[in-house]
*Asks:* 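Next up is a structure, given as structure tokens.
In this text the structure is predicted, and so the values were computed from the model without any measurement.
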Amino acid sequence: MEEPDKQLVEELCRSGIGRGDLVALAIWPRTGLGMATPTAAASVSLGVEDPSAVVRLVEDALRPRWVLWSNDTAATLAQSGVRIATSWDIAAVDRLLFGGWRTDPARAWAHVHDLALEEIPRNAPADLFGDSGRGGGDREDPVRPDGHLRAEWVSGDWRTTPDRLRRWAELASVVASLQQARLDELASPPRASFTARSESAAELLCAEMSIDGLPMDRGVAEEIVAGIVGPRPRSDSDAAEQRARRDAEVLRHAPPGSDVDLRSPGQVKSLLRRAGFDVPDTRAWRLEALRDAHPVIDALLTWRKAERVATTYGYAWLDERLGADGRLRGTWAGSDGAAGRMTASGGLHNMPAEMRGAVVAEPGRVFVRADLGQIEPRVLAAVSRDAAFARASVADDMYAPVAAQLGVDRSTAKVAVLGAMYGQTTGHGAQALRGLAAAYPVAMTYLEEAARSGQVGRDLRTYGGRLVVMGSTNANEVDEREARRQAAARGRYGRNALVQGAAAELFKVWAVTVRARGADLDARIVLCLHDELLVHVPIEQSDAVARLLDDCLQEAVRRWAPDDSVRFVADIGVIERWSDAKR
DNA sequence: TGCGGCTATTG
DNA sequence: CACAATAGCCGCAG
């Protein structure tokens, strides 16, 4: 380690920075870094070849809470093998405070300074004339005279010297302080602040999962694909031939003389009409009922399954996503646009169940898998503070006591509870729905109020403080029927967002607790799936990690829930491949 | 070339 | 078949 780095740490120690204190960080690979401390009102810059190594040094010595503009920085660090314990992720907190899915430093800056979002400077091409730059003022100052951040600073083009990185870190610490103040203004200050920290840690986890990838055995994966679509095509013409053969297998059952593109829903519909079936659409669940009525239906449904694998989860997918190191990679995002669930690209969240057999732990390791049982109704009981519904959560299967209470069978009770949370108002569950309203009025009123907010376009906040932005209908552009339909859709959306969103918050608290407590056991979370965790661990640690997952759930619930009246349960098992899970 | 509609997969 | 997501292909508008 170079001498200036040690001096830096000593300097930070002298300024009184300790565990958990905010230290803003801006880095540029092979250039250097800037740090700024809001409490000590001090900042430093350092030109170094390997800025991540400096971060590691400070992390080991002081373990501050790193203020990052976004998880891009966490990704840069993780790429260098540096894993920081805690952070304040400005982008994540911006989404929490102001809703929505996409953000950037300019937007977060504008939000906390009450600047008009429409006036945020757009990213302009480089100024060929070398004048003072767009927006006027001094280009060395990232803040324009009009108060907005300069586009070239936001895009990163300009943050390429240690001095500028220091300035960028100073601005990050300003934004973090203003965000903290905004969180304190909310109705539930301690909780929103808590959410900000757990959402920030979730961003660190996402950066790590994006880089680490999911263990997958290429040989097994290719065998599974081959079993569905045949061997890997040797050429484009070979691929076209295979495709034509698959199509022909369906078309030979079709009425003669029809030249049908099976990939075109319209043409499939007319094909079915010629075969004697008049259907409003050709979705699988609808055709399932007709499977035995005509051989073309069965052939078509089989074709659809193979076509899915061929186009989305086939050889091209493996070539693009599965690295030579046997890791399947996608990009993880900490919160989606609706209620704040994690998302993953690259098929990690919607991989067909058949492919799970290829998700195999590496030699010397196993997976510890856990999923939360009935997380949404339990979360509803907690956030609505419905004592009667909370009592039902004592059962391993929450629907059993609910069914007994309503005097219906379990499946009816389940449909009714899900219907209440999703906004279903018609069908078989309607009668049981009225029973729910009588038995659990607190929870059902909570849902009704959320639905009403959505209907009138009033924004909502989840239990953890996330803003759920509700659109509104422009009455001039649509007729009354359409306006009613949109209001009803927003009602269902709002109703569900409070449950799904709070569930996502609890899930992330659980996940980041496992991340923190599991580090010493070399336990790595490799997949998060809304209520399920897959943890890759050394075999000898598997029992310890299995216990840890439950301990962490109880710890997460203690910290997240308003009280201890709602029970949360996890099904935990040690497995070698993902498909071994019973579920 | 971009976008809505349809279809599939997952929780 | 309600809530959420990602993703591919088709058909149509520009």
*Asks:* Salt bridge check: are A/Arg327 and A/Glu362 linked by an N-O gap of less than 4.0 Å?
*Replies:*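 A salt bridge links A/Arg327 with A/Glu362.
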*Asks:* Could you give the CZ-to-C1' distance, from A/Arg369 to B/dT10, as a whole number of Å?
*Replies:*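 Rounded to the whole Å, the gap is 14 Å.
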*Asks:* Examine C/dA7: is either OP1 or OP2 under 4.0 Å from a nitrogen or oxygen in the side chain of A/Thr311? Give yes or no.
*Replies:*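 So the side-chain polar atoms of A/Thr311 never come under 4.0 Å of the phosphate oxygens OP1 or OP2 of C/dA7.
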*Asks:* Check whether any side-chain nitrogen or oxygen of A/Gln500 sits under 4.0 Å from OP1 or OP2 of C/dA5, and answer yes or no.
*Replies:*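 Answer no for this pair, as no side-chain N or O of A/Gln500 is under 4.0 Å from OP1 or OP2.
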*Asks:* Whole angstroms only, please: what is the CG-C1' distance between A/Asp261 and B/dT7?
*Replies:*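 About 14 Å, once rounded to whole Å.
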*Asks:* Is A/Arg232 salt-bridged to A/Asp238, going by a charged N under 4.0 Å from an acidic O?
*Replies:*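 Here A/Arg232 does not pair with A/Asp238 in a salt bridge, since their nearest N and O are not under 4.0 Å apart.
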*Asks:* Quick check on contacts: within residues 285-308 of chain A, what sits under 4.0 Å from DNA chain B by heavy-atom distance?
*Replies:*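 Close to the strand are A/Arg304, A/Lys305, A/Arg308.
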*Asks:* A/Leu460 has an atom CG; how far is it from atom C1' of C/dC3, in whole Å?
*Replies:*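 A/Leu460 atom CG is separated from C/dC3 atom C1' by 14 Å.
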*Asks:* State which of C/dA4, B/dT7, B/dT9 makes the closest approach to the side chain of A/Asn496.
*Replies:*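 In terms of side-chain proximity for A/Asn496, the closest of C/dA4, B/dT7, B/dT9 is C/dA4.
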*Asks:* Inspect the contact between A/Asp397 and A/Arg410 and indicate whether a charged nitrogen and a carboxylate oxygen are less than 4.0 angstrom apart.
*Replies:*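 A salt bridge is present here (some side-chain N lies under 4.0 Å from a carboxylate O).
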*Asks:* Going by an N to O cut-off under 4.0 Å, is there a salt bridge joining A/Asp281 and A/Arg283?
*Replies:*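 Here A/Asp281 pairs with A/Arg283 in a salt bridge, since their nearest N and O are under 4.0 Å apart.
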*Asks:* Would you mind classifying the nucleic acid contact of A/Tyr493 as base, sugar-phosphate or nothing, using non-hydrogen atoms under 4.0 angstrom?
*Replies:*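 Sugar-phosphate only.
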*Asks:* Rounded to the Å, how far apart are A/Arg492 CZ and C/dA4 C1'?
*Replies:*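 A/Arg492 atom CZ is separated from C/dA4 atom C1' by 13 Å.
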*Asks:* Indicate, with a heavy-atom threshold strictly under 4.0 Å, whether A/Gly330 touches base, sugar-phosphate, or nothing.
*Replies:*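 Nothing: the residue A/Gly330, judged by heavy atoms under 4.0 Å, touches no strand.
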*Asks:* Given atom CH2 of A/Trp332 and atom C1' of C/dT6, what is their separation to the nearest angstrom?
*Replies:*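 Atom CH2 in A/Trp332 sits about 12 Å away from atom C1' in C/dT6.
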*Asks:* Quick one: is A/Arg356 getting a side-chain N or O under 4.0 Å of the B/dG11 phosphate, OP1 or OP2?
*Replies:*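 Yes.
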*Asks:* Indicate, with a heavy-atom threshold strictly under 4.0 Å, whether A/Ala497 touches base, sugar-phosphate, or nothing.
*Replies:*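 It contacts nothing in the nucleic acid.
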*Asks:* Which of the following nucleotides, C/dA7, C/dA4, B/dT7, is nearest to the side chain of A/Thr282?
*Replies:*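 Side chain of A/Thr282 sits closest to B/dT7.
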*Asks:* Would you say A/Arg283 reaches B/dT7's phosphate, i.e. side-chain N/O to OP1/OP2 under 4.0 Å?
*Replies:*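 Yes, because at least one side-chain N or O of A/Arg283 sits under 4.0 Å from OP1 or OP2 of B/dT7.
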*Asks:* Tell me: CE of A/Met421 to C1' of C/dC1, nearest whole Å?
*Replies:*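 Result: 15 Å.
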*Asks:* In whole Å, I'd like the distance from the CG atom of A/Asp336 to the C1' atom of C/dC3.
*Replies:*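 Interatomic distance, CG of A/Asp336 to C1' of C/dC3: 11 Å.
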*Asks:* Using the side-chain heavy atoms of A/Tyr422, tell me which of these nucleotides is nearest: C/dC3, C/dA7, B/dT9.
*Replies:*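 Of the options given, the side chain of A/Tyr422 lies nearest C/dC3.
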*Asks:* Distance check needed: B/dT7 P versus A/Asp281 CG, whole Å only.
*Replies:*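 Answer to the nearest Å: 5 Å.
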*Asks:* Checking salt bridge (Lys or Arg N to Asp or Glu O under 4.0 Å) between A/Glu249 and each of A/Arg246, A/Arg252, A/Arg245, which is the one that passes?
*Replies:*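 Result for salt bridge (Lys or Arg N to Asp or Glu O under 4.0 Å) with A/Glu249: A/Arg252.
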*Asks:* Hey, are A/Arg95 and A/Glu203 close enough for a salt bridge, meaning a charged N less than 4.0 Å from a carboxylate O?
*Replies:*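 The answer is yes: the pair qualifies as a salt bridge.
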*Asks:* When you measure from the side chain of A/Asp531, which nucleotide among B/dG11, C/dA5, B/dT9 comes out closest?
*Replies:*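 Given the options B/dG11, C/dA5, B/dT9, the side chain of A/Asp531 is closest to B/dG11.
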*Asks:* Counting only heavy atoms not in A/Asp259, do more than 12 fall under 6.0 Å of its CG?
*Replies:*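 At most 12 heavy atoms, drawn from other residues, nucleotides or ligands, come within 6.0 Å of this atom.
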*Asks:* Name the closest nucleotide to the A/Leu529 side chain, picking from B/dT7, B/dG11, C/dC3.
*Replies:*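 Taking heavy atoms from C-beta onward, the closest nucleotide is B/dG11.
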*Asks:* Which word best sums up how the rings of A/His294 and A/Phe277 line up, parallel for under 30°, tilted for 30 to 60°, or perpendicular for over 60°?
*Replies:*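 If you compare the ring of A/His294 with that of A/Phe277, the planes turn out perpendicular.
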*Asks:* Choosing from C/dA5, C/dC10, C/dA7, which nucleotide comes nearest the side chain of A/Thr343?
*Replies:*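 Nearest listed nucleotide: C/dA5.
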*Asks:* What contact category does A/Ala284 fall into here, base, sugar-phosphate, or nothing, at under 4.0 angstrom with non-hydrogen atoms?
*Replies:*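 Sugar-phosphate only.
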